[in-house]
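Encoded as structure tokens, the structure appears first; notes follow it.
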Amino acid sequence: MFVQLYNTLTRKKEQVEKPLVRIYSCGPTVYNYAHIGNFRSYIFADILNRTLKLAGYSVEHAMNLTDVDDKTIKGALSLVQENPQKFANLKEALLAYTKPYTEAFFDDLKTLNVTRFDHHPRATEHIPAMLDLVERLIKVGVAYEQDGSVYYRISEKKDYGKLSKIDLDKNKTGTRYNTDEYDKDDIRDFVLWKAESKDGVHWHSNHGDGRPGWHLECSAMIHEIFKGGIDIHTGGVDLIFPHHENEIAQSEAAYGGSFVKLWAHCEHLLVDNRKMSKSLGNFYTLRDLLAQGKKAEVLRYFLLSAHYSQKVNFSEDALHQAEMGVEKFYSLWQKLERFKRHSAEASSTLKTASEGARLSFLTQMADDLNTPRALAVVHEYMREANIFLDSVGMSIAQDDWDEIHKTLLYFDTVLGLIALIPKTEISAEYIKLLDERNAARAAKDFARADAIRDELLEAGYKILDTKTGSHLEKL
RNA sequence: GGUGUCGUAGCCAAGUGGUAAGGCAGAGCUCUGCAAAAGCUCCAUCGCCGGUUCAAAUCCGGCCGACACCUCCA
């Protein structure tokens, strides 16, 4: 099946061509722990990756780590200040500063069951590629040096603004331009390479010591990793301008041709209906939320409950709704695992329903990653599966079991929830308690029976009384 | 000021020309000693006004409201 994805550049849904899809996703700046809003963007990349694979594509996926910029440099300088003797040079301090956040980032991705991408390039490891890009731009005449810094001349790019649809001449440019310290030919030009003294974090270049500007790394790394253009570039909506606009300008001027076929952007996550960002300070890191007792699988489900192109508001209420959804899914999964299997003939209606559900699920996902619709398919299927399981007593034909199992796993290929739920065997101790409770119940000692039920609940198990007996289920 | 997105039931959220998916919450019911789980039933005419059309939540125009980008930001 072909996947359709909304292209920010053309403002239309477009078909992603088979068989190989090369994707580059803007990753984190490793100067802090990433917040739940950041993770919306990474889970978006993850869902895209998983959906393409499920639909039969091959995927080569890169996500960068920005480890040199104003903020990381500031962090490195503060490390040096605290302990001047510790570092041989500033680059070492920079590495020391970014390392724990880099590790935390990978840990967090794992926590949220985000697919491990094929490449995770770091900016500091691709400085030569960036310098090469700068030289190319100078050579073709779209960049110029000014006091050791190199700028991109926007006036050389006729279609500058095509991604964000921004007409720079019409924009309110106001006071900021007058106070800007840069000595550029045109105030709108952006910096490719920043002059930096020997006392700062710097690399040698034809233009003296300096460091890369903000936009340079993605273009250079895409070129280096993929040896050409890519099919899909993802990121948050705030990157459309100027970051991605500048990437387009650089890459097209330096490498020729079109650089990215399809731009896909995910909307922001709001907290209390306000944009969440590091600078506003109203952000929760994943670690904060886990410390509050939120579960990773619930956060993941929550992030899938709204379409990626829509703003989503983070709230306790929304999280509760997600929690109920996850519980229902996992409850069915556990129920299925309890069933004994036999070799009777399979149910053709179940087979038809299961195949239909899988196809609908994929169809919804293939249509611009419509996760809310896909979740609706999951819920409808869960109802059918529950009805089926409740109708067959306590044992089931192996083929029927396989059919349900296969379908739930199929959904989970994209949802990625089951792997997040810790698997532990229900210990004999609790099984014994359950037996005791049922014995008390049979003896009409309901006080004792209910006391045991409360005890089990305390231990994290709920009792399910069914026609065919009582079972424990993990909460 | 420029650009763009959005406004669907108590809440979350799809649908984008043919008479409103799904979920959460709530109510009733089946089952149950009770409860839980599961299942069944009930629960909206789509911000406002006007237009186009046989037909509009869905297209067009106006208005109101919310948010975002234009500056570091997923």
Side-chain angles (χ1 to χ4, degrees), chain A residues 8 11 25-29 31-32 34-45 69-71 161 164-174 176-177 180 188 214 234-243 245 265-270 273-280 283 301-302 304-313 315 317-325 327-328 331-332 334-335 360 364 367 370-380 382-387 389-391 440-442 444-447 449-450 453-454 457 462-467 470-471 473 475:
Chain A
T8 308
R11 311 278 156 136
S25 297
C26 277
T29 301
Y31 77 104
N32 202 340
H35 59 58
I36 186 69
N38 298 126
F39 284 109
R40 184 180 196 201
S41 169
Y42 310 143
I43 284 186
F44 164 55
D69 80 316
D70 290 342
K71 290 180 286 260
S164 53
K165 312 286 185 255
I166 275 176
D167 182 349
L168 286 177
D169 294 330
K170 277 190 189 159
N171 266 281
K172 183 190 193 177
T173 51
R176 193 179 160 274
Y177 280 4
D180 199 306
R188 301 168 310 182
W214 178 32
T234 78
V237 286
D238 55 323
L239 295 183
I240 295 172
F241 187 89
H243 185 56
E245 200 69 75
H265 294 96
C266 80
E267 251 297 351
H268 280 138
L269 176 140
L270 308 175
N273 284 309
R274 296 273 343 222
K275 183 182 145 185
M276 179 184 200
S277 75
K278 289 174 182 175
S279 55
L280 282 175
F283 69 92
Y301 185 102
F302 163 71
L304 301 184
S305 67
H307 189 87
Y308 75 86
S309 66
Q310 300 297 321
K311 293 177 189 71
V312 64
N313 194 29
S315 67
D317 203 34
L319 229 45
H320 173 255
Q321 294 178 15
E323 188 174 1
M324 292 300 106
E327 213 167 86
K328 192 167 184 175
S331 182
L332 174 59
Q334 289 186 86
K335 183 196 264 188
S360 303
Q364 297 305 340
D367 181 12
N370 197 332
T371 49
R373 273 264 183 200
L375 284 176
V377 172
V378 172
H379 277 279
E380 279 162 1
M382 288 196 288
R383 176 157 36 82
E384 292 183 78
N386 271 315
I387 291 170
L389 291 174
D390 291 346
S391 73
R441 214 152 64 108
K444 306 241 185 263
D445 182 359
F446 296 123
D450 290 350
R453 182 164 66 197
D454 290 341
L457 207 58
K462 69 182 169 195
I463 293 176
L464 300 183
D465 289 325
T466 70
K467 283 175 194 156
S470 298
H471 309 283
E473 196 160 273
L475 288 173

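Protein chains get the first letters and strands the later ones, always in sequence-line order, with residue 1 at the start of each.
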**Asked** A:Met382 has an atom CE; how far is it from atom P of B:A21, in whole Å?
**Response** 19 Å

**Prompt:** What distance, rounded to whole Å, do you find between the two P atoms, one in B:G47 and one in B:A56?
**Reply:** 15 Å

**Request:** Can you check each nucleotide of nucleotides 7-14 of chain B against protein heavy atoms at under 4.0 Å and return B for base, S for sugar-phosphate only, - for none, in 5' to 3' order?
**Result:** ----BBSB

**Item:** Whole-Å C1' distance, B:A20 and B:C46
**Value:** 8 Å

**Fill in**
Rounded to whole Å, NE2 of A:His35 lies from C1' of B:C72 at a distance of 12 Å

**Prompt:** Under the 3.5 angstrom rule, does the side chain of A:Gln364 hit a backbone N or O of A:Asn370 as a donor-acceptor pair?
**Reply:** no

**Message:** Measure CD/A:Glu384 against P/B:C40 and give the value in whole Å, please.
**Reply:** 10 Å

**Option passing side chain to side chain contact (heavy atoms under 4.5 Å, CB included) with A:Met324 (candidates A:Gln321, A:Lys328, A:His320)** = A:His320

**Request:** Take the protein atom CE of A:Met324 and the nucleotide atom P of B:A36, then report the distance between them rounded to whole Å.
**Result:** 13 Å

**Pairwise distance CZ(A:Arg441) to OG(A:Ser470) - rounded to 0.5 angstrom** = 4.5 Å

**Message:** Could you identify the nucleotide paired to B:U5, looking across every strand shown and requiring Watson-Crick or G-U wobble geometry with both distances under 3.5 Å?
**Reply:** B:A66

**Message:** Considering every strand and a 4.0 Å limit on heavy-atom distances, what is the contact class for A:Glu267: base, sugar-phosphate, or nothing?
**Reply:** base

**Request:** Under 4.0 Å between any heavy atoms, over every strand shown, what does A:Lys444 touch: base, sugar-phosphate, or nothing? Just pick one.
**Result:** nothing

**Item:** Whichever of A:Lys165 and A:Gly236 has its nearest RNA chain B nucleotide further upstream toward 5'
**Value:** A:Lys165

**Item:** G-U wobble or Watson-Crick pairing nucleotide for B:U19 (cut-off 3.5 Å, both distances)
**Value:** none

**Prompt:** If the C1' atom of B:A55 is compared with that of B:U16, how far apart are they to the nearest Å?
**Reply:** 15 Å

**Asked** Is the shortest heavy-atom distance from the side chain of A:Leu270 to the side chain of A:Val312 under 4.5 Å?
**Response** no

**Request:** Assign A:Leu464 to base, sugar-phosphate, or nothing according to its heavy-atom contacts below 4.0 angstrom with the strands shown.
**Result:** base

**Request:** On the 0 to 90° scale, with breaks at 30° and 60°, tag the A:Tyr308-A:Phe44 ring pair as parallel, tilted or perpendicular.
**Result:** parallel

**Request:** Would you mind classifying the nucleic acid contact of A:Gly325 as base, sugar-phosphate or nothing, using non-hydrogen atoms under 4.0 angstrom?
**Result:** nothing

**Prompt:** A:Arg383 near the nucleic acid: base, sugar-phosphate alone, or nothing, with a heavy-atom cut-off under 4.0 Å?
**Reply:** sugar-phosphate

**Asked** Quick one: CZ on A:Phe302 to CG on A:Leu269, what's the gap to the nearest 0.5 Å?
**Response** 5.5 Å

**Asked** Checking all strands, does A:His268 fall into the base, sugar-phosphate, or nothing category for heavy-atom contacts under 4.0 angstrom?
**Response** base

**Prompt:** Which distance, rounded to the nearest 0.5 Å, do you find between the CG of A:Leu239 and the OG of A:Ser41?
**Reply:** 7.5 Å

**Prompt:** How many Å lie between CD1 on A:Ile240 and P on B:U5, as a whole number?
**Reply:** 11 Å

**Item:** Identified pairing partner of B:G26, criterion: Watson-Crick or G-U wobble below 3.5 Å
**Value:** B:C42

**Message:** Without decimals, in angstroms, what is the distance between A:His379 NE2 and B:A25 P?
**Reply:** 11 Å

**Item:** A:Asn386 side-chain N/O to B:A38 phosphate OP1/OP2 under 4.0 Å
**Value:** no

**Asked** Does B:A74 have A:Tyr42 stacked on its base, where the ring centres are within less than 5.5 Å and the planes differ by under 30°?
**Response** no

**Request:** Between A:Ile387 and A:Leu269, just flag the one whose closest nucleotide in RNA chain B comes earlier from the 5' side.
**Result:** A:Ile387

**Request:** Please report, rounded to the nearest Å, how far the P atom of B:G33 is from the CZ atom of A:Phe446.
**Result:** 7 Å

**Message:** For A:Val237, is there any backbone N or O sitting under 3.5 Å from a side-chain donor or acceptor partner on A:Glu267?
**Reply:** no

**Asked** Roughly, in whole Å, what's the span from CG in A:Asp454 to P in B:A35?
**Response** 14 Å

**Asked** Whom does B:G61 pair with, Watson-Crick or G-U wobble, provided both distances fall under 3.5 Å?
**Response** B:C49

**Asked** Which part of the nucleic acid, if any, lies within contact of A:Ile463, taking any heavy atom under 4.0 Å across all strands shown: a base, the sugar-phosphate backbone alone, or nothing?
**Response** base

**Prompt:** What distance do A:Leu375 atom CG and A:Glu380 atom CD have between them, rounded to the nearest 0.5 Å?
**Reply:** 11.5 Å

